[in-house]
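Heads up: the structure comes next, in structure tokens.
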There are 2 protein chains.
Amino acid sequence: MSPTHNGITELSSTCAAAPDGGRAVRETLDRIGDKWSLLVIGTLGLSGPLRFTTLARQIPGISQRMLTLTLRHLERDGLLTRTAYAEIPPRVEYELTPLGESLRDIAVELAQWANDNMDRIEASRREFDTL
Amino acid sequence: MSPTHNGITELSSTCAAAPDGGRAVRETLDRIGDKWSLLVIGTLGLSGPLRFTTLARQIPGISQRMLTLTLRHLERDGLLTRTAYAEIPPRVEYELTPLGESLRDIAVELAQWANDNMDRIEASRREFDTL
DNA sequence: CTGTATCCCGATAGATACTG
DNA sequence: CAGTATCTATCGGGATACAG
């Protein structure tokens with residue numbers, strides 16, 4: 001372990017990669033690293049409170065099952081709240097908690113990065129595959 | 001927003017977290033959202049260039065197979081470089097590209113967030129489970 | 001409208017053994 | 001040292017049907 005790399009001093013304190021062997025990172029990725037969580041968070045963060053069907057429409061390709069599961073997990077982790085109104089027809093609204101909003105900010109950065117570098121990644125992949 | 005979608009679609013540009021319907025986010029998560037990629041990126045970002053075995057030691061729990069696969073994928077996407085030296089015994093060094101380092105910066109933020117909020121998440125989860 | 005309950009398949013990843 | 005080759009177990013997630 002030779003910390004000879006320059007300009008990474010701010011990392012050593014919290015060690016982004018493995019402060020605890022990577023457990024916290026892994027735990028986090030296990031929640032938001034799945035197929036839909038980040039998109040749900042991003043969508044709610046943009047539009048504010050949304051009901052189930054609206055959410056489903058705004059996230060093309062998601063199944064009822066996966067939307068339900070994703071919402072339950074995020075609710076369980078305190079990233080969003082679920083509010084059911086006793087009406088007919090039933091109405092349920094999902095809304096980000098402050099905790100969820102803070103994660104959304106990172107999600108936005110990740111999305112930005114993805115958009116900014118997608119072409120480069122695609123190019124790199126094509127080149128790699130031709131070799 | 002267009003309610004007509006078929007398969008992998010595009011979402012309106014109104015979604016800050018997913019300007020392209022989440023395709024870029026999904027693509028990115030498909031690379032770094034797996035079990036080991038972020039840890040590899042973080043470790044390389046912290047320690048600088050590392051060889052295979054050193055990397056394996058710094059990431060407890062990873063198997064040879066998964067380390068190899070993860071490195072190949074990251075190399076393919078242009079996030080790190082692989083340099084083999086014709087020596088005996090053989091030596092191979094992995095190093096982040098600038099692109100990889102830019103992603104690492106986001107990984108750091110995510111890790112930070114994870115560390116800062118892990119307790120809150122755990123608490124929320126326990127409460128959710130008791131209800 | 002807002003979910004649950006099953007069935008099922010392909011991808012992911014762990015363990016193990018072998019190699020240049 | 002730095003991988004590759006298999007085999008296998010698990011599991012996320014899609015399709016579908018049903019329900020409160």
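As a basis for the values below, the full set of heavy atoms in this structure was taken, side chains included, without hydrogen atoms, waters or symmetry mates. A quick note: this is a predicted structure, and the numbers were derived from the prediction, not measured.
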Q: Please name all residues satisfying salt bridge (Lys or Arg N to Asp or Glu O under 4.0 Å) with B:Asp119, sequence neighbours left out, ordered by chain then number.
A: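 Listed in chain order: nothing, the list is empty.
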
Please check if the side chain of [X] supplies one atom and the backbone of [Y] the other of a donor-acceptor pair under 3.5 Å.
{"X": "A:Arg104", "Y": "A:Gly45", "answer": "yes"}
{"X": "A:Thr130", "Y": "A:Glu127", "answer": "yes"}
{"X": "B:Thr43", "Y": "B:Leu39", "answer": "yes"}

Q: For A:Thr53, answer base if it contacts any base atom (sugar-phosphate contacts may also be present), sugar-phosphate if it contacts only those atoms, and nothing otherwise; contact means non-hydrogen atoms under 4.0 Å.
A: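 Contact class for A:Thr53: sugar-phosphate only.
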
Q | Pairs meeting criterion salt bridge (charged side-chain N to carboxylate O under 4.0 Å, His left out) with involvement of residues 83-96 of chain A, two or more places apart | A |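 Salt bridge (charged side-chain N to carboxylate O under 4.0 Å, His left out) check on residues 83-96 of chain A returns A:Glu87-A:Arg91, A:Arg91-A:Glu93.
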
Q: Give every residue pair that meets the salt bridge (charged side-chain N to carboxylate O under 4.0 Å, His left out) criterion with at least one member in residues 59-80 of chain A, sequence neighbours excluded.
A: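 Every salt bridge (charged side-chain N to carboxylate O under 4.0 Å, His left out) pair that includes a residue of residues 59-80 of chain A, provided the two are not neighbours, is A:Arg31-A:Asp77, A:Arg76-B:Asp129, A:Asp77-B:Arg125.
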
Q: Would you jot down, in residue-number order, the residues of residues 73-96 of chain A having a non-hydrogen atom under 4.0 Å from DNA chain D?
A: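 Only A:Pro90 qualify.
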
Quick one: side-chain contact (heavy atoms from CB on, under 4.5 Å) partners of [X], sequence neighbours excluded?
{"X": "A:Ala84", "answer": "A:Arg82, A:Val92"}
{"X": "B:Ser37", "answer": "B:Asp34, B:Thr70, B:Leu74"}
{"X": "A:Gln64", "answer": "A:Phe52"}
{"X": "A:Thr97", "answer": "A:Thr81, A:Leu99"}

Q: Using a 4.0 Å cut-off on protein heavy atoms (strictly under), produce a 5'-to-3' string for nucleotides 7-16 of chain C with B for base contact, S for backbone-only sugar-phosphate contact, and - for none.
A: ------BBB-

Q | A:Ser102: side chain to side chain donor-acceptor pair (under 3.5 Å) partners, not counting sequence neighbours | A |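 In terms of side chain to side chain donor-acceptor pair (under 3.5 Å), with neighbours along the sequence ignored, A:Ser102 is linked to B:Trp113.
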
**Q.** Rounded distance (Å) that lies between atom P of C:dG3 and atom CZ of A:Arg51
**A.**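 For the pair A:Arg51 CZ and C:dG3 P, the rounded distance is 10 Å.
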
Q. Once you round it to whole Å, what is the distance between C1' of C:dG3 and CZ of A:Arg72?
A.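 Result: 8 Å.
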
Q | Relative orientation of the end axes in the helix from C:dC1-D:dG20 to C:dG20-D:dC1, expressed as an angle to the nearest 10° (five pairs per end) | A |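 Between the first-five-pair axis and the last-five-pair axis there is 50°.
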
Q: For a side chain to side chain contact (heavy atoms under 4.5 Å, CB included) with B:Leu44, tell me which candidate from B:Ile41, B:Leu46, B:Val40 qualifies.
A: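 Running side chain to side chain contact (heavy atoms under 4.5 Å, CB included) over B:Ile41, B:Leu46, B:Val40 with B:Leu44 returns exactly one hit, B:Val40.
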
Q. First and last nucleotide of DNA chain D in contact with chain B, 5' to 3', at under 4.0 Å to a heavy atom: what are they?
A.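 Terminal contacting nucleotides, 5' to 3': D:dC1 to D:dT6.
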
Q) So which heavy atom on A:Ser124 is nearest to which on B:Gly78, and how close? A)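 Shortest heavy-atom contact: OG-N, 3.0 Å.
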
